[in-house]
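Let me begin by presenting the structure, written as structure tokens, before commenting on it.
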Amino acid sequence: GFRVGQGLIERFTKDTSRFKDELDIMKFICKDFWTTVFKKQIDNLRTNHQGIYVLQDNKFRLLTQMSAGKQYLEHAPKYLAFTCGLIRGGLSNLGIKSIVTAEVSTMPACKFQVMIQKM
Amino acid sequence: QNYPLYIRSVPTENELKFHYTVHTSLDVVDEKISAMGKAMVDQRDLYLGLLYPTEDYKVHPSSARVAYGYVTNSKVKFVMVVDSSNTALRDNEIRSMFRKLHNSYTDIMCNPFYNPGDRIHSKAFDNMVTSMMMQVC
């Protein structure tokens with residue numbers, strides 16, 4: 001996912017103007033990047049303004065085809081790994097080192113947590 | 001880290017001088033980028049424009065060389081050095097050359113066999129650069 005994210009971000013930011021700051025980049029990921037890849041935006045972005053961002057998608061496209069009960073909750077995170085890499089690769093090419101994790105509490109909603117690493 | 005992924009000059013004599021100019025202009029590029037962050041200059045454009053002219057008295061008294069810069073959102077820097085005697089080159093031509101370079105670079109990035117940070121060995125990229133250089137030289 002990491003390598004794909006790098007390539008994707010290069011293509012998507014080719015024509016955009018320069019990003020102002022970190023928050024600008026995260027907003028780009030939530031809106032344009034997510035829309036181009038998943039045909040919808042991130043539903044909720046939260047941050048503690050100290051390098052931690054939580055991206056919440058209430059109807060994550062890779063999970064909507066699975067039944068919404070507790071049945072597959074245990075296995076759902078496997079389907080999120082590629083997307084974590086996607087985010088990490090995209091951010092890395094924009095000059096941000098990060099750790100991205102994901103969790104599912106209720107299908108098909110999921111949260112991606114991005115921890116920015118100060119270099 | 002500022003090491004070159006791709007470097008090419010035409011004609012090949014005085015190549016070292018061109019390489020040197022490229023290297024020194026990297027400092028100017030870095031300066032412009034950091035100035036944007038602090039001075040709140042609303043420079044959203046990727047194209048940095050004219051970096052600075054150089055006067056070279058050792059080789060040719062009137063051989064002034066000019067450098068242009070362009071930085072992508074992914075922090076990849078493109079530097080172009082041209083002889084200022086080539087006055088036919090206008091700003092929008094330089095911009096379109098940088099656009100072509102950026103487009104070809106994006107294609108290379110999307111090639112799954114290319115590792116970011118490696119030197120660029122792509123024939124397609126070479127051909128694009130050759131045809132661009134032929135048009136202006």
Side-chain angles (χ1 to χ4, degrees), chain A residues 1-38 42 45 49-51 53 55 81-100 114 116-119, chain B residues 1-3 5-6 26 28-49 51 68-78 92 95-118 120 122 124-125 128:
Chain A
F2 185 81
R3 181 67 187 90
V4 178
Q6 285 181 305
L8 283 182
I9 233 28
E10 191 72 46
R11 227 181 247 297
F12 296 163
T13 59
K14 191 161 59 93
D15 298 305
T16 59
S17 46
R18 207 178 294 289
F19 292 118
K20 245 187 333 185
D21 56 22
E22 201 174 84
L23 189 58
D24 217 21
I25 294 182
M26 290 312 294
K27 286 198 209 158
F28 176 81
I29 301 265
C30 293
K31 293 201 202 133
D32 306 277
F33 188 80
W34 220 255
T35 312
T36 318
V37 181
F38 297 112
I42 280 281
L45 171 68
H49 291 292
Q50 272 162 16
Y53 297 87
L55 287 71
F82 183 78
T83 312
C84 288
L86 221 57
I87 300 175
R88 200 165 62 87
L91 288 175
S92 143
N93 239 23
L94 293 173
I96 300 183
K97 243 178 107 165
S98 60
I99 298 185
V100 185
V114 181
I116 310 283
Q117 318 221 266
K118 296 292 170 207
M119 291 196 266
Chain B
Q1 306 91 323
N2 278 346
Y3 52 82
L5 293 175
Y6 189 85
L26 284 178
V28 184
V29 173
D30 283 334
E31 206 181 277
K32 288 207 173 210
I33 301 281
S34 52
M36 280 188 226
K38 292 173 194 151
M40 294 302 285
V41 173
D42 197 33
Q43 258 270 38
R44 307 294 214 109
D45 211 358
L46 297 178
Y47 175 64
L48 294 178
L51 295 179
Y68 294 95
Y70 181 99
V71 181
T72 67
N73 267 320
S74 50
K75 315 286 185 276
V76 178
K77 305 175 183 89
F78 294 101
N92 52 348
R95 275 179 198 265
S96 80
M97 280 163 72
F98 274 129
R99 267 241 136 310
K100 280 201 209 135
L101 281 169
H102 194 174
N103 287 343
S104 301
Y105 177 72
T106 308
D107 286 337
I108 290 182
M109 267 309 265
C110 293
N111 177 357
F113 296 113
Y114 171 73
N115 294 316
D118 285 353
I120 295 178
S122 148
F125 198 79
M128 185 270 309

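Naming convention: chains lettered A, B, ... in sequence-line order (proteins, then strands); numbering from 1 in each chain.
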request  = Check each atom of B:Asn103 against the heavy atoms of chain A and say whether the ones under 4.5 Å are side chain, backbone, both or neither.
outcome  = both

remark   = Sequence neighbours excluded, the answer for ring pair (Phe, Tyr, Trp, His ring centres under 6.0 Å) partners of A:Phe38 is A:Trp34, A:Phe60

query = Looking at residues at least two apart in the chain, or sitting in another chain, which of them share a ring pair (Phe, Tyr, Trp, His ring centres under 6.0 Å) with B:Tyr105?
reply = none

inquiry  = Can you list the residues of residues 1-10 of chain A that sit under 4.5 Å from chain B, counting heavy atoms only?
reply    = A:Arg3, A:Gln6, A:Gly7, A:Glu10

Non-neighbouring partners of A:Phe33 that pass ring pair (Phe, Tyr, Trp, His ring centres under 6.0 Å), sequence neighbours left out = A:Phe12

